[in-house]
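Letters A, B, ... are given to chains in the order of the sequence lines, protein chains preceding strands, and every chain is numbered from 1.
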Protein chains: 2
Amino acid sequence: MSELTILERRFPGRKAGLKREILEQALACFNETGIESTTIDSIRVSCQASVGAIYHHFGNKEGILGALFFAVLDDQHEFFEQYLARANTLKDFVSAIVMSYVDWVVQNPEWAKFQFQARGFIAKGPLRQELSNRNTKQLKGLKAKLQTVDSCGIKISLPFELIPSLVIGATENYCRAWLSGRVPTCPSVYREQLSAAAWRSIQN
Amino acid sequence: MSELTILERRFPGRKAGLKREILEQALACFNETGIESTTIDSIRVSCQASVGAIYHHFGNKEGILGALFFAVLDDQHEFFEQYLARANTLKDFVSAIVMSYVDWVVQNPEWAKFQFQARGFIAKGPLRQELSNRNTKQLKGLKAKLQTVDSCGIKISLPFELIPSLVIGATENYCRAWLSGRVPTCPSVYREQLSAAAWRSIQN
DNA sequence: ATAATTACAGAATATTATTCTGTATATAGA
DNA sequence: TCTATATACAGAATAATATTCTGTAATTAT
């Protein structure tokens, strides 16, 4: 794991300084007051920039949202790939998905909160195609990797389209509950249980 | 099941006619173009009302959102209670939760889509307390019912706070995927599998 | 060194949400 | 039935917000 923040990794260099600052404050605003009720002006005040600067870098509000959203997505994906690379059996495979998800959320709670909020917006707006492309691509990668893995003597009889939901659904649901304060206990505490439950759920 | 629509059940009577019409068109707009990018004026045009009428009934945009959101929540809850009433064993209990969720979503896909979109907004805005109250209340009801049920000789050793996520997480995830078009197969097809997987996931 | 591009500032404008004032319609009490 | 009171609606006026536009500084490339 690098010491840099997500923004420093995705928008590196000194000349991207203001860009990062705008994004950082925008993230804070979005998480505090919600995406819709965050105004460009509130972001502008937070980062002490001008509307001109903001619109120069991002075009419009959706542009800020998109820059943040795809930065998260990329970061999460890289993180996930690191876990996946070490998985040799099907059980490891399931475990890697669950664990990487939990660990990433716990390490980046503010980004995770934002991601949950923003997905809906992106799925509607002009960037929906981009999101859809990435989803298909990632799914294809997963399928390929899945072929190369030792299946532990288990024959999965459930239809493939159900598997992703079974593997990640409960974990995602719990992480969301934790981020919103509905449950107090950090998902890290339940890494093993969530992983084991996912594994049980796909067998029959 | 009543023949009436959700709106007719929640806002009955002739004098609530325009109110229902506004809500119906607002729902359509929200689902088509997203909540943020839906303007009051686009709703006004769709239902051929005046801004005055809209603001008279709902106060502001958030008010429309809230009326729709809690109407859905109430409807879903009643539907769910019908299933739950028939559950006598723990396994039935889990099954009732999964099945009622799937059936409701499949019967009311537009409302379900809206619910997923709107939850984030409500969780931020001024109605968040109301939402939180309902969640706690429902959870309390579930716990109470859980005590009265035959546990099938199973001793659940997982912490309680994990259970709701394990039971409904995968199903919710799949329904969401279906509503957004990411998977083609209707969740109804997988009712049994989802229910069985949830049941396996909570045992260890 | 200078031309060209990129980064920024802030006033001007456009879009959208909300309020306000007035009128009609319904409802309740006499 | 009459009238007072509240509720339902219409649409112009205003406020809040997003976006554009024009100009200037800084940076980069030639």
* **Pairs satisfying salt bridge (Lys or Arg N to Asp or Glu O under 4.0 Å), at least one member in residues 185-202 of chain A, at least two apart** =>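 Those involving residues 185-202 of chain A are A:D103-A:R191.
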
* **Any pair counted as salt bridge (Lys or Arg N to Asp or Glu O under 4.0 Å), so long as it reaches residues 14-38 of chain B, sequence neighbours left out** => A:K61-B:E36

In whole angstrom, what separates [X]'s [atom1] from [N]'s [atom2]?
{"X": "A:E36", "N": "C:dT18", "atom1": "CD", "atom2": "C1'", "result": "14 Å"}
{"X": "A:Q48", "N": "C:dC8", "atom1": "CD", "atom2": "P", "result": "14 Å"}
{"X": "A:F11", "N": "C:dA7", "atom1": "CZ", "atom2": "P", "result": "13 Å"}

* Asked: Quick one, which residues of residues 13-31 of chain B touch DNA chain D with a heavy atom under 4.0 Å?
  -> B:L18

* What is the nucleic acid contact for B:S37, judged by heavy atoms within less than 4.0 Å: base, sugar-phosphate only, or nothing? ->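 Here B:S37 touches no strand at all.
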
* **Sequence-distant partners of A:E81, salt bridge (Lys or Arg N to Asp or Glu O under 4.0 Å), two or more places apart** => none

* **For A:D150, all residues meeting salt bridge (Lys or Arg N to Asp or Glu O under 4.0 Å), sequence neighbours excluded** => none

Residue list, side-chain hydrogen bond (donor to acceptor under 3.5 Å, both in side chains) with [X], at least two apart or on another chain:
{"X": "B:S180", "result": "B:R182"}
{"X": "A:R128", "result": "none"}
{"X": "B:T33", "result": "B:T38"}

* If you take all heavy atoms of B:F58 and B:A67, which pair is closest and at what distance? -> CE2-CB, 3.9 Å

* Nucleotide interval of DNA chain D bounded by contacts with chain A (heavy-atom cut-off, under 4.0 Å) ->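 Extent of the interface on DNA chain D: D:dT17 to D:dT20.
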
Cut-off 3.5 Å, no hydrogens considered: what does the side-chain donor-acceptor table look like for residues 111-119 of chain A, sequence neighbours left out?
residue : atom : partner : partner atom : Å
A:K113  : NZ   : A:E110  : OE2          : 3.2
A:Q115  : OE1  : A:Q76   : NE2          : 3.4
A:Q115  : NE2  : A:Q76   : OE1          : 2.8
A:Q117  : OE1  : A:I35   : N            : 3.2
A:Q117  : NE2  : A:F30   : O            : 3.1
A:Q117  : NE2  : A:N31   : OD1          : 3.4

* Taking only residues two or more places apart in sequence or in another chain, which ones pass side-chain contact (heavy atoms from CB on, under 4.5 Å) with B:Q138? -> B:H77, B:F80

* Asked: Which residues within residues 49-60 of chain A lie with some heavy atom under 4.0 Å of an atom in DNA chain C?
  ->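 Close to the strand are A:A49, A:S50, A:V51, A:G52, A:A53, A:H56, A:H57.
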
